[in-house]
Amino acid sequence: MGYPLKALEPGNLYMTISLPPNRTRNYEPNLQQDCRMYIPEPPDPQDPGYLEAVIAQANTVEDFQWGLYYHRGLRDGTWYTLQRVQSLPDDAILGITHPMFELKRREVQASPRLDWDVIGLVRLMKTPFDVAGTLTSYLDWLTPLAAMQAQQTYLWATSVYFRTRRHVLKLQNKSEYPESVTRLLEECLEFAYSEVWYALGRQLPRPIFSSAWAYAPLPGETEEEWEMKGKMHGTLTSKGGSYHRTV
């Protein structure tokens, strides 16, 4: 079972779950109507194919918008999201000859927890300190490549996460671990549906949830060892992201 967190931690990769893009900052929510839409009947626990069916429906409208946020330190993070393509060349076919999404990359100083559209953040992984400073460059390379083939924001975000985790494990000469897109989706959806009411009500800051299934410090480095290195070095990047916990 996952658990809530009080603050963002440097060197952590988070999944961001947001309201769909048609709900802008100027949108005044009808709480009764919107929550009926966002809180469907719970999936049948006896139907193991339910979540696989949700994932397979790539062209359907997603209930949420999914992204990734890498937190380096106080007022220092990078937020990756997808934006659906709005215009096409005359001879292009969306999702076949032309990508469905384009990447939106933002260097942010304000925490995503303070964004009106965000429902919550799910902590996915903490990188070893020796790798943490280079992870932004890897994500900058990987996220646009994955976006070119994306048909759902959730599958894009999870595929980037799983590949990033394998990359870090390889750098540490550690073995891989079993992956399950559906188990992570089940955990994230339970969190998102329970929090969407508060997001529609514009309550800030938005919560952080640590994934019970996905999150763990990578093998070979304890939480205490990571924090000690952070205090000794004081920075993760050349841009001066200091080692501090923040909202």
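What you see below is based on every heavy atom in this structure, not just the backbone, and it leaves out hydrogens, waters and symmetry mates.
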* Asked: Any luck finding a side-chain donor-acceptor pair between R105 and T143 under 3.5 Å?
  ->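 Side chains of R105 and T143: no pair found under 3.5 Å.
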* Any side-chain donor near an acceptor of the partner, Q65 and T153, under 3.5 Å ->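 On atom types as modelled, these side chains do not qualify, holding no pair under 3.5 Å.
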[atom1]/[X] to [atom2]/[Y] distance, rounded to the nearest 0.5 angstrom?
X	Y	atom1	atom2	answer
D140	L145	CG	CG	11.0 Å
R113	D115	CZ	CG	13.0 Å
L124	Y70	CG	OH	13.0 Å
S18	L121	OG	CG	8.0 Å
I208	E9	CD1	CD	8.5 Å

Could you check whether any side-chain heavy atom of [X] comes within less than 4.5 Å of a side-chain heavy atom of [Y], counting everything from C-beta outward?
X	Y	value
L68	V160	yes
R72	T78	yes
T127	L13	no
L103	L82	yes
S111	L8	yes
Y3	L5	yes
Y138	T134	no

* **side-chain hydrogen bond (donor to acceptor under 3.5 Å, both in side chains) against T158, all qualifying residues, sequence neighbours excluded** =>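 By the side-chain hydrogen bond (donor to acceptor under 3.5 Å, both in side chains) rule, T158 matches no residue at all.
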* Name all residues meeting the side-chain hydrogen bond (donor to acceptor under 3.5 Å, both in side chains) criterion together with T16; count only those two or more places apart in sequence or in a different chain, and write none if there are none. =>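 Once residues adjacent in sequence are excluded, the partners of T16 under the side-chain hydrogen bond (donor to acceptor under 3.5 Å, both in side chains) criterion are W79.
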Would you please name every residue forming a ring-ring contact (aromatic ring centres under 6.0 Å, His included) with [X], sequence neighbours left out?
X	value
W66	Y154
F191	F209
Y69	H71

* To do: With sequence neighbours excluded, give me every salt bridge (Lys or Arg N to Asp or Glu O under 4.0 Å) pair touching residues 146-156.
  =>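 Passing the test, one end in residues 146-156: no pairs.
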* Qualifying salt bridge (Lys or Arg N to Asp or Glu O under 4.0 Å) pairs with a residue from residues 141-162, counting only residues at least two apart or across chains ->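 Output for this query is empty, none listed.
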Listed by chain and number, what are the side chain to side chain contact (heavy atoms under 4.5 Å, CB included) partners of [X], not counting sequence neighbours?
X	value
Q149	none
L204	W116, R206
K104	T81, Q83, R106

Work out which heavy atom in [X] is nearest to a heavy atom in [Y]; give both atom names and the distance.
X	Y	value
V122	S211	CG1-CB, 3.9 Å
A157	M15	CB-SD, 3.5 Å
C188	I17	O-CD1, 3.9 Å
Y161	M125	CE1-SD, 3.9 Å
V118	A199	O-CB, 3.9 Å
A146	S159	CB-OG, 4.5 Å

